[in-house]
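Right, one structure below, let's go through it.
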Amino acid sequence: MTESHDFFQRVYDVVRRIPMGRVTTYGHIAAYLGARSSARMVGFAMNAVTHDARASDVPAHRVVNRFGALTGRMHFATPFLMRERLEAEGVTFVDEHVDLQRHLWEPAD
DNA sequence: TGTATGACCAGTC
DNA sequence: CGACTGGCCATAC
């Protein structure tokens, strides 16, 4: 249990709080954790979710980039799984990105 | 052990 | 305006 794992855990905690049918961005999570420019690590943490059974309850599909693009879709079992999950929750799309106007959720508790 | 890289973002040239 | 760079920091090789 290194302290570095703690950073990932914090990311997981925030992502787990995202309500059904809502999404948030890497930047918002990073900013909420006090490290605006660590958005990359947030994405990396999401990648880790795929390989970490303990984080299997983290809805990684609800995290998109600031434009609403599904940049992480290639990391799922199939490239279209991420979008399928979101649509199943009622998230709407505009072309290839999420309608953030409607679904953006900010980790402001 | 050191270097390269990434599911990003904002500022600068 | 578009293109480029820096920053962040854990992981992979």
Side-chain angles (χ1 to χ4, degrees):
Chain A
M1 307 308 190
T2 62
E3 294 179 16
S4 55
H5 257 140
D6 200 40
F7 181 88
F8 277 42
Q9 288 303 325
R10 269 175 274 173
V11 173
Y12 297 163
D13 281 345
V14 176
V15 176
R16 274 192 270 249
R17 277 185 224 129
I18 304 174
M20 174 88 99
R22 295 298 183 96
V23 300
T24 194
T25 72
Y26 303 99
H28 275 112
I29 295 172
Y32 178 73
L33 294 179
R36 173 180 56 97
S37 33
S38 290
R40 289 173 124 187
M41 286 327 309
V42 176
F44 210 76
M46 292 301 94
N47 187 24
V49 168
T50 309
H51 304 290
D52 188 352
R54 291 167 301 179
S56 59
D57 61 326
V58 176
H61 60 280
R62 293 182 191 148
V63 184
V64 300
N65 77 354
R66 73 188 181 91
F67 297 119
L70 307 186
T71 50
R73 94 194 109 155
M74 291 320 223
H75 293 268
F76 286 79
T78 60
F80 44 87
L81 183 59
M82 188 174 186
R83 177 163 179 162
E84 281 185 355
R85 282 186 179 165
L86 289 171
E87 290 183 326
E89 295 181 359
V91 174
T92 56
F93 283 72
V94 178
D95 289 327
E96 296 305 311
H97 35 24
V98 174
D99 187 350
L100 289 179
Q101 294 271 1
R102 285 187 45 159
H103 304 290
L104 179 62
W105 172 86
E106 296 187 39
D109 193 349

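First the proteins, then the strands, lettered A, B, ... as listed; each starts at 1.
On the P atoms, B:dT1 is 22 Å away from C:dC9, given to the nearest whole Å. Rounded to a whole angstrom, the distance from the P atom of C:dT5 to that of B:dT5 is 15 Å. Nucleotides C:dA3 and B:dA7 are separated by 23 Å at their C1' atoms, to the nearest Å.
A:Phe8 places its CZ atom 15 Å from the P atom of B:dG6, with the value rounded to the nearest Å. If you measure from atom CD1 of A:Ile29 to atom P of B:dA7, you get 15 Å, rounded to the nearest angstrom. Distance A:Gln9 CD to C:dA10 C1': 14 Å, rounded to the nearest Å. Summarising the geometry, the separation between CZ on A:Arg85 and P on B:dA7 is reported as 18 Å, rounded to the nearest angstrom. Rounding to whole angstrom units, CZ of residue A:Phe44 and P of C:dG7 are separated by 20 Å. Residue A:Leu81 contributes atom CG, which lies 14 Å from atom C1' of B:dA7 at whole-angstrom precision. Across the protein-nucleic acid pair, A:Leu33 atom CG and C:dA10 atom P stand 13 Å apart, rounded to whole Å. Rounded to a whole Å, the CG atom of A:Leu70 is 12 Å from the P atom of B:dC8.
When the nucleotides B:dA7, B:dG6, B:dC9 are ranked by their closest atom to the side chain of A:Arg66, B:dC9 comes out on top. Taking every side-chain heavy atom of A:Met41 into account, B:dG6 is the closest of B:dA7, B:dC8, B:dG6. When distances run from any side-chain atom of A:Arg40 to the nucleotides B:dC9, B:dA7, B:dG6, the shortest one goes to B:dG6.
Base contact: A:Phe76 has a heavy atom under 4.0 Å from a base atom. Among the heavy atoms of the strands lying under 4.0 Å from A:Asn47 is at least one base atom, whether or not backbone atoms are also near.
Between A:Val63 and the options A:Val23, A:Thr71, A:Ile29, a side chain to side chain contact (heavy atoms under 4.5 Å, CB included) holds for only A:Ile29.
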Kindly indicate, with the supporting measurements, whether the criterion side-chain hydrogen bond (donor to acceptor under 3.5 Å, both in side chains) is fulfilled by A:Glu84 and A:His61. CA-CA 9 Å; A:Glu84 281 185 355; A:His61 60 280; over 6 Å; no
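For A:Arg83 and A:Phe93, the positive end sits near the middle of the six-membered ring, less than 6.0 Å away and at most 45° from its axis.
Taking side-chain N and O atoms only, A:Ser38 has no distance below 4.0 Å to OP1 or OP2 of B:dC8.
Salt bridge present: A:Glu89 and A:Arg62 bring a charged side-chain N and a carboxylate O closer than 4.0 Å. Between A:Arg10 and A:Asp13, none of the side-chain N atoms (NZ, or NE/NH1/NH2) sits under 4.0 Å from a carboxylate O, so this pair counts as no salt bridge.
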